[in-house]
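To keep things clear, I will list the structure first and then write my remarks on it.
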2 protein chains.
Amino acid sequence: MSVSEPRTGTSGHASAGRDGRDGRFEPVSRQTVSQQVRDRLVASIRDGDFAPGQALPSERALCDEFGVARTSVREAMQGLMSLQLVERRGNRTHVAEHLPDVSVDGFDLRKERVRELFEVRRVIEIPVAELAVCRATAHERAELTALAALFVDTMPLEEFRRLDRAFHWALARACGNRLLAEMYQKVLDALFQSSDFGSLLYATPNRKAVKEIVASAGRAHREIAAAVMAGDPVRAMEQVSAHLQDVEDRMVKRLA
Amino acid sequence: MSVSEPRTGTSGHASAGRDGRDGRFEPVSRQTVSQQVRDRLVASIRDGDFAPGQALPSERALCDEFGVARTSVREAMQGLMSLQLVERRGNRTHVAEHLPDVSVDGFDLRKERVRELFEVRRVIEIPVAELAVCRATAHERAELTALAALFVDTMPLEEFRRLDRAFHWALARACGNRLLAEMYQKVLDALFQSSDFGSLLYATPNRKAVKEIVASAGRAHREIAAAVMAGDPVRAMEQVSAHLQDVEDRMVKRLA
DNA sequence: GACTATGGTCAGACCAACTGACCACGTCGG
DNA sequence: CCGACGTGGTCAGTTGGTCTGACCATAGTC
């Protein structure tokens with residue numbers, strides 16, 4: 001297999017003996033450039049930055065963006081192809097139409113993880129909303145409202161995902177605490193990169209359920225933005241809490 | 001200069017043109033092995049894992065622990081010496097007695113950062129305490145109590161720092177949510193690695209103030225452990241909140 | 001004084017990554 | 001229809017980070 005994570009750990013030498021005897025230091029992590037590029041591309045595709053079927057930028061363009069040589073981009077691309085996330089079509093590389101579900105985890109494990117994820121979201125996002133109500137600049141409030149207004153019940157899934165992330169990130173930025181926003185983005189990354197969340201949308205079989213999700217989330221976002229605009233922290237917290245509960249319920253139901 | 005962060009970013013080639021035109025992808029990060037080792041050692045020293053004046057493990061021992069060659073450890077060590085964090089004494093390498101204050105930030109910036117840091121701690125740590133009260137296993141409760149009991153008003157600063165971290169980490173682990181604990185540890189890392197926190201203890205001029213900090217924090221930890229043991233979430237949250245406020249006040253006062 | 005462990009230094013090898021070029025093949029406009 | 005252009009595919013050569021294994025000088029120990 002050319003995909004089996006060639007030399008990530010010790011490159012065959014230090015593994016001979018035992019690692020550090022007592023547990024003072026862990027061995028340093030080693031990630032090749034191509035592995036980094038591959039991971040970032042995987043994340044981008046799972047995030048929906050590139051829709052299924054969409055053409056990726058050319059390898060040379062990606063070299064510019066990542067600041068790496070083409071050999072590295074190509075190695076990463078090989079990885080994506082073996083994961084069946086992308087495919088060559090004629091002269092271009094396209095995102096696969098049907099993103100394979102990479103989650104091989106057990107059921108309970110995944111359900112448990114979703115539960116944990118949303119617990120963390122509640123812990124962080126509700127205070128974030130409260131702070132945002134109190135501290136957001138006029139410009140940030142306007143941005144949130146504008147973003148919320150962009151949600152349309154009939155919008156394509158593609159655009160919904162982009163907007164969804166943009167909205168939550170804008171909320172995080174508006175809380176006036178860079179560190180907190182950073183922390184929060186880490187949580188969101190974990191969510192958006194999870195295949196479960198992606199499949200909640202892309203793999204949901206009937207279109208009606210997807211439309212329902214889009215409509216419900218759009219409504220919730222508008223409510224949150226309104227609360228921020230109105231300067232009502234309690235209402236904002238309630239709306240966020242309800243929104244999170246709604247999304248979590250849908251995800252758990254899908255996994256059940 | 002051998003210390004000027006040689007080739008971290010683009011290695012001199014891609015920087016010729018502009019980076020990725022639109023902001024789709026950031027250039028990948030590049031960290032050499034020696035840089036990783038250096039950063040980990042710096043963190044360890046700032047964390048107080050090695051006290052000022054204490055001898056470091058031998059270079060060969062560090063090779064084992066980090067799983068790297070001695071050349072890499074030596075490069076890292078050169079960095080530490082230029083930072084004046086360590087010094088050679090005879091045949092051994094010792095942590096410098098007087099850790100230099102690397103913070104070159106402005107005053108307001110640092111104060112603002114402390115404020116943000118503790119805001120995040122409050123957001124995360126209070127719910128963590130609540131969850132820990134509700135979910136901790138008997139073993140975890142016992143561990144917390146045992147840890148808290150180890151705090152003695154007259155304990156050496158060195159040991160206090162270790163115990164302090166151990167206690168808060170144990171609390172995080174007891175909350176029954178791996179993701180949340182992970183998140184929380186990130187915040188703690190940011191705190192313990194900040195030179196301001198280190199200097200709060202090591203640089204505090206008179207011994208009386210340090211003793212007061214140790215005593216106060218020890219008391220707070222015992223109170224928190226008692227609340228967890230008693231299964232009283234409200235009291236636990238109050239105690240944590242008070243403890244955080246106390247530490248933040250001391251840090252801000254020092255910076256003022 | 002011999003032994004041992006440590007820091008200091010070096011030469012050789014390996015490999016990831018970059019560079020720059022070339023080719024074959026689609027696509028698109030003239 | 002044909003040629004220019006952009007794409008993916010491939011390659012040889014170079015650079016730089018890292019590992020290996022050896023050697024030396026010196027400080028501490030028995």
Side-chain angles (χ1 to χ4, degrees), chain A residues 2 5-17 19 21 27-41 54-82 86-95, chain B residues 2 4-17 19 21 27-39 41 54-82 86-95:
Chain A
S2 54
E5 297 299 334
R7 67 205 73 264
T8 301
T10 53
S11 50
H13 52 284
S15 56
D19 293 333
R21 311 152 317 286
V28 299
S29 74
R30 292 157 195 271
Q31 227 188 357
T32 65
V33 168
S34 56
Q35 280 171 9
Q36 282 190 68
V37 171
R38 192 201 52 175
D39 290 348
R40 304 256 294 261
L41 285 173
Q54 183 182 343
L56 286 177
S58 76
E59 293 181 352
R60 289 174 174 88
L62 290 175
C63 296
D64 274 359
E65 302 195 29
F66 283 116
V68 303
R70 198 159 142 242
T71 18
S72 307
V73 169
R74 301 203 85 256
E75 277 182 39
M77 218 55 111
Q78 294 298 333
L80 294 197
M81 290 184 51
S82 350
V86 303
E87 54 195 29
R88 305 288 192 204
R89 289 190 205 161
N91 256 357
R92 300 298 297 260
T93 309
H94 293 249
V95 177
Chain B
S2 54
S4 58
E5 295 299 334
R7 67 206 70 265
T8 300
T10 53
S11 49
H13 52 284
S15 55
D19 294 334
R21 311 149 320 284
V28 298
S29 75
R30 292 158 196 269
Q31 233 189 351
T32 65
V33 169
S34 55
Q35 281 171 5
Q36 281 189 68
V37 171
R38 191 200 52 176
D39 291 348
L41 286 174
Q54 182 181 344
L56 286 177
S58 76
E59 294 181 352
R60 289 176 173 86
L62 290 175
C63 297
D64 275 0
E65 301 194 30
F66 283 116
V68 304
R70 197 160 141 242
T71 12
S72 306
V73 169
R74 301 203 84 256
E75 276 181 41
M77 219 54 111
Q78 294 298 332
L80 294 197
M81 291 185 52
S82 356
V86 304
E87 54 195 30
R88 305 287 190 204
R89 287 189 207 163
N91 256 356
R92 301 297 299 260
T93 308
H94 292 249
V95 177

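Lettering of chains follows the sequences in order, A, B, ..., and the numbering in each one begins at 1. Everything quoted here is computed from the prediction, not taken from an experiment.
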Quiz item: Short question: side chain of E59(A), backbone of V73(A) - any donor-acceptor pair under 3.5 Å?
Solution: no

Quiz item: Does R38(B) use its side chain to pair, donor to acceptor, with the backbone of L80(B) at less than 3.5 Å?
Solution: no

Between [N] atom [atom2] and [X] atom [atom1], what is the distance in whole Å?
| X | N | atom1 | atom2 | result |
| --- | --- | --- | --- | --- |
| N91(A) | dC25(C) | CG | C1' | 6 Å |
| R92(A) | dG9(D) | CZ | C1' | 16 Å |
| R60(A) | dT10(D) | CZ | C1' | 11 Å |
| R89(A) | dT27(C) | CZ | P | 12 Å |
| E75(B) | dG7(C) | CD | C1' | 16 Å |
| H94(A) | dT7(D) | NE2 | P | 12 Å |
| L62(B) | dG8(C) | CG | P | 13 Å |
| R70(A) | dG9(D) | CZ | P | 8 Å |

Practice problem: For residues V33(B) and R30(A), report the shortest heavy-atom separation together with the two atoms involved. | Solution: CG2-NH1, 3.5 Å

May I ask you to verify if any side-chain N or O of [X] is less than 4.0 angstrom from the OP1 or OP2 atom of [N]?
| X | N | value |
| --- | --- | --- |
| T93(A) | dG8(D) | yes |
| R88(A) | dT7(D) | no |
| S72(B) | dC19(D) | yes |
| R74(B) | dG8(C) | yes |
| S34(B) | dT18(D) | yes |

Exercise. Verify side-chain contact (heavy atoms from CB on, under 4.5 Å) between L56(B) and M77(B), making sure each step is shown before the conclusion.
Key: CA-CA 11 Å; L56(B) 286 177; M77(B) 219 54 111; 4.3 Å; yes

Practice problem: Check every strand shown and say whether S58(B) touches a base, only sugar-phosphate, or nothing at a heavy-atom separation below 4.0 Å. | Solution: sugar-phosphate

Exercise. Walk me through it: do Q36(A) and V68(A) pass the test side-chain contact (heavy atoms from CB on, under 4.5 Å)?
Key: CA-CA 11 Å; Q36(A) 282 190 68; V68(A) 303; over 6 Å; no

